[in-house]
Amino acid sequence: GWQIKDGAITCADPHDAGDLCTDAQYGAFELVLDYNIAAGGNSGIMFHVTDAGGATWATGPECQLLDNKAGRDPQKAGWLYGL
């Protein structure tokens, strides 16, 4: 569901995209990115997650990526989800 297009990671099929993950473990890091989200889009970046537990979203924080104008989630872009 993901592809590289014009040097950017793009979601070609949101119904088959799944999570982008790494097997490597990282300590402190700085993540800088630009993103473009569809009208009403809702996504996020989870970090420091593990395979322990039932779901990755339950093991680490998520930085919300959202269309703040047309999105339906009360969380806003850049917020740590649920905090």
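Within 6.0 Å of CD1 in Ile9 there are 12 or fewer heavy atoms belonging to other residues, nucleotides or ligands.
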Indicate every side-chain donor-acceptor pair of residues 76-83 with a distance under 3.5 Å to a residue at least two apart or in another chain.
unit_1 : atom_1 : unit_2 : atom_2 : d
Tyr81  : OH     : Asp73  : OD2    : 3.1

Which pairs of donor and acceptor atoms, one on a side chain in residues 10-34, lie under 3.5 Å apart (sequence neighbours left out)?
unit_1 : atom_1 : unit_2 : atom_2 : d
Thr10  : OG1    : Gln3   : O      : 3.1
Asp13  : OD1    : His15  : N      : 3.0
Thr22  : OG1    : Ala24  : N      : 3.1

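The minimum heavy-atom distance linking Leu66 with Tyr35 is given by the pair O-OH, 3.8 Å. Residues Ile37 and Leu65 share a closest heavy-atom pair of CD1-O, 3.7 Å.
Separating the CD atom in Gln64 from the CG atom in Asn42 is a distance of 4.5 Å, to the nearest 0.5 Å.
Through side-chain heavy atoms spaced under 4.5 Å, either directly or across other Ile, Leu, Val, Met, Phe, Trp or Tyr residues, Trp57 is tied to Met46, Val49.
Annotation: side-chain hydrogen bond (donor to acceptor under 3.5 Å, both in side chains) contacts of Glu62 (sequence neighbours excluded): none.
Looking only at side-chain heavy atoms (C-beta outward), Thr59 and His48 stay at 4.5 Å or farther from each other.
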